[in-house]
Amino acid sequence: PVMHFHGTADSVYPLAGGLGAHSIGRSPHAPIPQVIAEWVSFDHAAIEPTVERHDGWEEQLHPGAAPVTLVLIDGLGHQIAGGTDDRLPGQDMRATPDAITLALQFFLAHPMP
């Protein structure tokens, strides 16, 4: 299973790919939707996700034997949602969702065989 968290305002690894204002290096990044689609194909997960919307974020679950989940956080930069502020320029913090708790719940629900 795969779980990916991404902020819509990430200026290090932009959601749409390419180079952001604070990217490290000069190699453009792949768009996150493309990365998720590749994991979905590799894991034989459902192409169409079920979407669970929350206040300021959403969870896109591609179910299957090896599910793929994308958690998109509105306005979050290159930070860990629910984490501490590491003071990256232009990267506002968000208290929710708690990425650590969600990741632990995800992997407890999908243990390795």
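Owing to the predicted nature of the structure, the values given are computational and were not obtained by experimental measurement.
Annotation: the span from L102 atom CG to F5 atom CZ amounts to 5.0 Å, rounded to 0.5 Å. Atom-to-atom distance recorded for T8:OG1 and I73:CD1 is 8.5 Å, nearest 0.5 angstrom.
Cluster annotation: W57 is connected to F106 through the hydrophobic network of ILVMFWY side chains, with a link wherever side-chain heavy atoms come within less than 4.5 Å.
The closest side-chain heavy-atom distance from P31 to P14 is not below 4.5 Å. Using a 4.5 Å heavy-atom cutoff, the side chains of L61 and E52 are not in contact. Put simply, the side chain of L76 does not reach to within 4.5 Å of the side chain of D10, judged on heavy atoms. Side-chain contact between T96 and H54 is absent, with no heavy-atom pair separated by less than 4.5 Å. At least one side-chain heavy atom of D43 sits under 4.5 Å from a side-chain heavy atom of V2.
Nearest heavy-atom pair across G20 and S23 is N-OG, 2.6 Å. Nearest heavy atoms, A45 versus A66: CB-O, 3.9 Å. The two residues L19 and S27 make their nearest non-hydrogen contact at CD2-O, 3.3 Å.
With hydrogens and angles disregarded, a donor-acceptor distance shorter than 3.5 Å links the side chain of H62 to the backbone of I47. Under a 3.5 Å cut-off, the side chain of Y13 and the backbone N or O of H6 do not form any donor-acceptor pair. With hydrogens and angles ignored, the 3.5 Å screen pairs no side-chain donor or acceptor of S11 with any backbone N or O of A21.
The salt bridge (charged side-chain N to carboxylate O under 4.0 Å, His left out) check on E58 picks up R53, with sequence neighbours excluded. Partners of T101 by side chain to side chain donor-acceptor pair (under 3.5 Å), not counting sequence neighbours, listed by chain and number: D98. Here H110 pairs with nothing under the side chain to side chain donor-acceptor pair (under 3.5 Å) rule; sequence neighbours left out.
For F42, the CZ atom is loosely surrounded, since the number of other residues' heavy atoms within 6.0 Å does not exceed 12.
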Practice item. Report the C-alpha distance between V71 and M3 in whole Å, list the side-chain angles of each, state the deciding distance to 0.1 Å, and finish with yes or no for side-chain contact (heavy atoms from CB on, under 4.5 Å). Key: CA-CA 8 Å; V71 178; M3 181 174 236; 4.1 Å; yes

Check your understanding: Hey, mind stepping through I32 and L70 against side-chain contact (heavy atoms from CB on, under 4.5 Å) and telling me if it holds?
Key -> CA-CA 9 Å; I32 294 303; L70 171 62; 4.0 Å; yes

